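In what follows, a single structure is set out as structure tokens and then discussed.
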Amino acid sequence: MKNIRLETLTYTKKILIKIGSAVLTGTNGLDLKIVDALVTEMCELVRRGYSVVLVTSGAIASGKHRLNITGKLKSIPEKQAAAAVGQGRLMRVYSKSFEKNGLYVAQILLTLSDLTDRQRFLNIRNTLSTLMEWKVIPVINENDSVAVDEIKFGDNDNLAAMIANIVEADLFINLTNIAGLYDCNPAESKKAKFIPLVSEFTDEIEAIATAETSSVGTGGMKSKVLAAKKVTAIGIPCIIAPGKKKNVLTDILAGKEIGTLFLPMADRLNSKKYWIAFTLRSQGKLVVDDGARKALLEKGKSLLPSGITAVEGDFAVGDPVSCVDGNGTPIAKGLVNFSSAEIRKIMGLKTAKIEQILGHKDYAEVIHRDNLAITKQNTRRKI
Ligand code: GLU
């Protein structure tokens, strides 16, 4: 019988590993034994020829512990201040542990605005690929102390998914404090059934994960499943696995049944389309008719004015905008060639009318297919 895990991992070289706060912290702050165990495994993977990029939480939890703060931090400034205390400690612990194994680490702290700006996105990509060439381990976290709501990734699962795209990882391993995905919350029901493999990204899969978190984590299983959705959309398999399990990383790469494996989807979104779909925030909506829906989803066409039935929001040329069908279901996201005011004037009309109405026709399409990412996609690669 085929081992679907081994087959999925056949060409794996670059691995993005995300470690959650609940894995790294115990009652006494950062759990140095866990850090050492995971770092030793990561170093072994590097020795075996894999590239490893690490996204790690734990700054806030570590800062809280240093400051003897018990219970949840309430305000954003408190969390930001705790992160500022804990981030240095987190890096010191990692750097000591990696150096024991002969490897150096590089700290990278990011906010969402660093990635929504295409130039900065490309700069970060260059830095990361240089570090990987040098066999230095990038240790990435959100720049919590400066991030405010509009520029926050929200949680490190989301950040890790974006980094997986930037480094074009072959595998995303998301280490957490439970065994993987269950069909309902195992903390609430003894009947919860473990799901070892997700081969179709159905609405049910999305719906079963809840946002409940541990006392130190941020996103809960929901954000892990959403991160899995994002990376599998660009063809990267994802494994949500228990970070405290002995030899977890080595066993995953040996194809052992650990955690939940999410298979990659059939169509790989290229890096630019992924950036449009998952990094940029939508500035408005275009409602499209059935014909346009089909043209986008089934034929890979550009969006023309004739297929648009309504425009929501105010946006400018070049802004990211969502396309939704008549039921309001999001199907795609793209960069528009016309402003919202212009689209309101030309929607429903044939392309030939654009010039007559607007007095110019720089583009025939409202969104060119090269700048259009399909976000509604459930089919996965059959292995
Ligand atoms: N960036 C936060 C930290 O390092 C964690 C965010 C999360 O848990 O997702 O403490």
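First listed ligand is number 1; within each ligand, the first listed atom is number 1. We're numbering straight along the sequence, starting at 1. The model shown is predicted, which means the values in this text are computed figures rather than measured ones.
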Handout entry: Geometric N/O contact Ala61 with ligand 1, under 3.5 angstrom
Key = no
Completion exercise
Quick look: Asp144 vs ligand 1, heavy-atom contacts under 4.0 Å, and the answer is side chain
Practice task
Would you check if there is a donor-acceptor pair between the side chains of Asp289 and Thr309 at a distance under 3.5 Å?
Solution key: no
Handout entry: Numbered atoms of ligand 1 (with element) below 4.0 Å of Asp155, judged on heavy atoms
Key = 9 (O)
Problem - Polar side-chain atom of Asn158 near backbone of Asp155 as donor-acceptor pair, under 3.5 Å - result: no
Problem - Asn141 and ligand 1 - part of the residue with a heavy-atom distance under 4.0 Å - result: side chain
Exercise for the section: Please check if Leu253 and Leu261 belong to a single hydrophobic cluster, counting links between Ile, Leu, Val, Met, Phe, Trp and Tyr side chain heavy atoms closer than 4.5 Å. Expected result: yes
Exercise for the section: List for me each residue that meets side chain to side chain contact (heavy atoms under 4.5 Å, CB included) alongside Arg344, sequence neighbours excluded, and say none if there are none. Expected result: Val311, Asp314, Ser340
Handout entry: Heavy atom of Gly58, distance to ligand 1 below 4.0 Å
Key = yes
Practice task
State whether the side chain of Ser75 and the backbone N or O of Glu78 hold a donor-acceptor pair below 3.5 Å, judged by distance alone.
Solution key: yes
Problem - Geometric N/O contact Asp157 with ligand 1, under 3.5 angstrom - result: no
